[in-house]
Student: 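Got a structure for you, written out below as structure tokens; questions coming shortly.
As the structure is a prediction and not an experimental result, all values here were calculated from the model. In what follows, chains carry the letters A, B, and so on, assigned in the order in which the sequence lines appear, proteins first and then strands, with residues in each chain numbered from 1.
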There are 2 protein chains.
Amino acid sequence: MVPYIDDMPRFTHPRLEDVPLDLALHALADSNRLTMVARLAATERLSCTDAAPCDAIPKSTLSNHLKLLRAAGLIETTQAGREMINTLRRAEFDRRFPGLLDAVLANRSA
Amino acid sequence: MVPYIDDMPRFTHPRLEDVPLDLALHALADSNRLTMVARLAATERLSCTDAAPCDAIPKSTLSNHLKLLRAAGLIETTQAGREMINTLRRAEFDRRFPGLLDAVLANRSA
DNA sequence: TTTAATAGTTCGGCATTATTGAACTATCGA
DNA sequence: TCGATAGTTCAATAATGCCGAACTATTAAA
């Protein structure tokens with residue numbers, strides 16, 4: 001009934017200090033999610049479908065991957081119209097786990 | 001019947017170039033395995049029980065964790081008497097995934 | 001202002017993966 | 001040879017992951 005205010009995040013995002021290392025690694029330990037993170041690292045703001053690693057992946061699976069990335073403190077999602085806009089929480093993540101994301105991204109598909 | 005020759009590895013170890021990044025990350029994405037890897041990074045050669053993160057963990061679980069680390073190219077296991085000796089495949093892993101293990105270990109329990 | 005289309009989320013069932021007790025194998029020491 | 005040690009393997013249960021189907025919210029068109 002009450003409509004969403006545009007900037008009001010519909011999702012809960014953890015504080016980075018509450019994210020354990022193994023959770024962060026788990027979120028990155030999947031080639032589809034890795035691709036999504038790499039895209040977000042390159043593109044700043046992406047809707048869920050645009051962040052998808054390919055179009056073969058079902059919507060529900062995609063939604064689940066993004067939920068996991070959110071829980072790991074890797075992305076922030078806010079609603080804008082009917083799209084959900086995702087951005088990498090790069091600075092915060094790097095502050096929490098210095099050098100980790102760089103190392104992972106540098107080794108992607110190597 | 002045929003006894004094990006001491007230096008003959010009883011286990012199969014992958015070539016590092018055959019280990020995909022997500023498998024390596026998956027192996028590291030567990031706090032027990034992270035502890036084991038950190039111990040091996042500090043101690044060079046450890047039996048399975050000595051590599052264990054704590055003594056509460058069942059033998060079969062421990063064995064399974066080590067199998068996973070082996071499959072990810074992180075450790076090498078050889079038999080010596082009735083013990084299995086585990087060592088980190090540090091140089092090889094670093095050559096395959098430069099900076100990754102360093103970044104992970106540096107961020108452990110931070 | 002219905003109606004339809006779009007962009008997702010959530011739910012529930014099936015499949016895969018993890019954990020662990022129990023039984024087994026191999027080696028060493030007495 | 002007997003017992004203890006250091007593991008592995010197996011099988012059953014528990015926990016996770018994947019995805020189709022149904023649902024919600026927003027926008028656009030009629």
Student: Within the side chain of Arg45(B), is there an N or O that forms a donor-acceptor pair under 3.5 Å with the backbone of Ile85(B)?
Tutor: no
Student: Can you tell me the distance, in whole Å, between the CG atom of Leu23(B) and the P atom of dT16(C)?
Tutor: 18 Å
Student: Hey, quick one: are Leu16(B) and Leu25(B) part of the same hydrophobic cluster, counting side-chain heavy atoms closer than 4.5 Å, chains of contacts allowed?
Tutor: yes
Student: Would you check if there is a donor-acceptor pair between the side chains of Thr61(A) and Asn64(A) at a distance under 3.5 Å?
Tutor: no
Student: Would you check if the side chain of Arg39(A) reaches a backbone N or O of Asp50(A) as a donor-acceptor pair within less than 3.5 Å?
Tutor: yes
Student: Could you tell me whether the phosphate oxygens of dG17(D), OP1 or OP2, come under 4.0 Å of any side-chain nitrogen or oxygen in His26(A)?
Tutor: yes
Student: Tell me the interatomic distance from Asp22(A), atom CG, to dA18(C), atom P, rounded to whole angstroms.
Tutor: 14 Å
Student: Verify side chain to side chain contact (heavy atoms under 4.5 Å, CB included) between Arg70(A) and Thr77(A), making sure each step is shown before the conclusion.
Tutor: CA-CA 8 Å; Arg70(A) 222 150 33 225; Thr77(A) 308; 3.0 Å; yes
Student: Quick one: Asn32(B) CG to dT19(C) P, roughly how many Å, whole number?
Tutor: 8 Å
Student: Are Leu66(B) and Ile57(B) linked, directly or through intermediate hydrophobic residues, by side-chain heavy-atom contacts shorter than 4.5 Å (ILVMFWY only)?
Tutor: no
Student: Round to the nearest Å and state the distance from Gln79(B) atom CD to dG7(D) atom C1'.
Tutor: 9 Å
Student: Any residue in residues 48-71 of chain B with a heavy atom nearer than 4.0 angstrom to DNA chain C? Just list them by number, or reply none.
Tutor: Pro58(B), Ser60(B), Thr61(B), Asn64(B), His65(B)
Student: To the side chain of Arg82(B), which of dG7(D), dT9(C), dT5(D) is closest?
Tutor: dT5(D)
